[in-house]
Amino acid sequence: MAHTFLMEPGRWTIEGNWLEKDGLPLAIRGATLVRWSHDNWFTMVMKLTFTDSDRPPISFQYKGRLDSGERQYTFVLQHSVLGKVEGEGWVAPDSIIQRYWVLGDKERRSSFETLYRIDYDTYHLSSAVMAGHYLTSAMEARLERQTES
């Protein structure tokens, strides 16, 4: 079974929890839109909203390149909280793994995330943001592909 998230254009919903040190989990919901150009460039736009909270949403705008037949890619990201970010990703048989780091950041913030394929239309996302060697936040969520009706 081939990957559908990121590897194919599509619309995905996200539902899960956001965690921070010494805090209770916060419910999140969101959506992701993935698009591909003919020259192997992808764009991905994601927005997360904190349900039952007055916390502002977080938005992500990715642009990256993955050559046909390759398993590794690079990307840039504009993150509404972290700012300008660069990253890399690997496409493994059952998961997509990404790491990114904030450019020019005195706190040395970075992130690591894994998107594990459950089935053709479902992934489980687990991610964490670190400042130096310490976790500052984590997210666990389920992504489901939206099919056109």
Side-chain angles (χ1 to χ4, degrees), residues 3-21 23-67 70-92 94-118 120-132 134-148:
H3 284 287
T4 51
F5 184 78
L6 187 61
M7 301 296 105
E8 296 180 10
R11 204 177 280 277
W12 296 76
T13 59
I14 303 166
E15 191 166 345
N17 293 290
W18 183 273
L19 301 102
E20 292 183 347
K21 188 176 181 175
L24 295 173
L26 298 171
I28 55 164
R29 285 191 168 186
T32 301
L33 178 63
V34 178
R35 292 207 169 127
W36 280 88
S37 67
H38 295 294
D39 56 355
N40 298 326
W41 285 91
F42 67 86
T43 57
M44 181 169 58
V45 177
M46 182 185 313
K47 184 174 182 181
L48 297 176
T49 305
F50 294 89
T51 57
D52 303 326
S53 173
D54 59 353
R55 182 178 231 174
I58 301 174
S59 62
F60 308 74
Q61 294 179 352
Y62 293 80
K63 182 172 178 128
R65 182 171 171 83
L66 175 64
D67 287 322
E70 294 294 320
R71 298 187 93 42
Q72 298 174 358
Y73 59 94
T74 57
F75 61 89
V76 293
L77 163 61
Q78 183 62 45
H79 191 288
S80 65
V81 175
L82 300 175
K84 292 183 181 183
V85 173
E86 285 186 358
E88 64 178 337
W90 286 13
V91 180
D94 292 319
S95 61
I96 298 171
I97 303 145
Q98 294 189 151
R99 176 182 176 275
Y100 60 77
W101 48 94
V102 181
L103 298 176
D105 188 46
K106 292 178 183 173
E107 295 180 58
R108 298 183 6 235
R109 289 175 293 181
S110 63
S111 179
F112 187 85
E113 55 190 36
T114 301
L115 293 130
Y116 181 77
R117 183 183 56 215
I118 305 297
Y120 192 72
D121 295 321
T122 312
Y123 281 75
H124 183 269
L125 167 65
S126 178
S127 71
V129 174
M130 292 144 300
Y134 299 97
L135 286 171
T136 60
S137 65
M139 179 175 50
E140 59 180 11
R142 183 178 181 94
L143 281 76
E144 292 189 1
R145 185 159 69 153
Q146 303 303 294
T147 55
E148 295 182 29

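Counting begins at 1 with the first residue of the sequence. Everything numeric here is computed off the predicted structure, so don't read it as measured data.
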Pairs under 3.5 angstrom only: tabulate donor-acceptor contacts from the side chains of residues 72-79 to other protein residues two or more places apart or in another chain.
unit_1 : atom_1 : unit_2 : atom_2 : d
Y73    : OH     : Q98    : OE1    : 2.7
H79    : ND1    : V81    : N      : 3.1
H79    : ND1    : L82    : N      : 3.0

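In this structure, L143 CG and Y116 OH are separated by 15.0 Å, a value rounded to the nearest 0.5 Å. Note that the OH atom of Y134 and the CZ atom of R108 stand 10.0 Å from one another [nearest 0.5 Å]. In this structure, NZ on K84 lies 8.5 Å from CG on L103, to the nearest 0.5 angstrom. Of the inter-residue distances, the one linking I118 atom CD1 with D94 atom CG reads 9.5 Å to the nearest 0.5 angstrom. Here the CD1 atom belonging to I97 is positioned 9.5 Å from the CG atom belonging to L115, to the nearest 0.5 angstrom. With rounding to the nearest 0.5 Å, the separation of CH2 in W101 from CD in E86 is 6.5 Å.
By the neighbour-count criterion of 12 heavy atoms within 6.0 Å, atom CZ of R35 is sparsely surrounded, having that number or fewer from other residues, nucleotides or ligands. R11 CZ: 12 or fewer foreign heavy atoms inside a 6.0 Å radius.
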Yes or no on side chain to side chain contact (heavy atoms under 4.5 Å, CB included) for M139 and L48, after CA distance, side-chain angles and deciding distance?
CA-CA 11 Å; M139 179 175 50; L48 297 176; 3.6 Å; yes
Verify side chain to side chain contact (heavy atoms under 4.5 Å, CB included) between E8 and V34, making sure each step is shown before the conclusion.
CA-CA 7 Å; E8 296 180 10; V34 178; over 6 Å; no
Show the numbers, then the answer: is there a side chain to side chain contact (heavy atoms under 4.5 Å, CB included) between F5 and M44?
CA-CA 10 Å; F5 184 78; M44 181 169 58; 3.6 Å; yes
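The nearest pair of heavy atoms linking A27 to N17 is CA-OD1, 4.0 Å. Scanning both residues, S80 and P57, for their nearest heavy atoms gives OG-O, 4.1 Å.
Q146 has its side chain within reach of T13: a pair of non-hydrogen atoms, C-beta onward, lies under 4.5 Å apart. A heavy-atom distance below 4.5 Å is found between the side chains of M7 and L66.
Partners of D67 by side chain to side chain contact (heavy atoms under 4.5 Å, CB included), not counting sequence neighbours, listed by chain and number: N40, R65, E70. The side chain to side chain donor-acceptor pair (under 3.5 Å) check on Y100 picks up nothing, with sequence neighbours excluded.
Side-chain atoms of T32 never come within 3.5 Å of backbone atoms of M46 as a donor-acceptor pair (strictly under, hydrogens ignored). No side-chain donor-acceptor contact under 3.5 Å links T114 to the backbone of S126. Checked by atom type and distance alone, the side chain of S111 pairs as donor or acceptor with a backbone atom of A128 at under 3.5 Å. A donor-acceptor pair under 3.5 Å is formed between the side chain of W36 and the backbone N or O of L6. Using a distance-only test at 3.5 Å, with no hydrogens or angles considered, no donor-acceptor pair links the side chain of S127 to the main chain of E113.
Each of R145, H3, R142 was evaluated against Y123; a single residue qualifies, H3, per the side-chain hydrogen bond (donor to acceptor under 3.5 Å, both in side chains) test.
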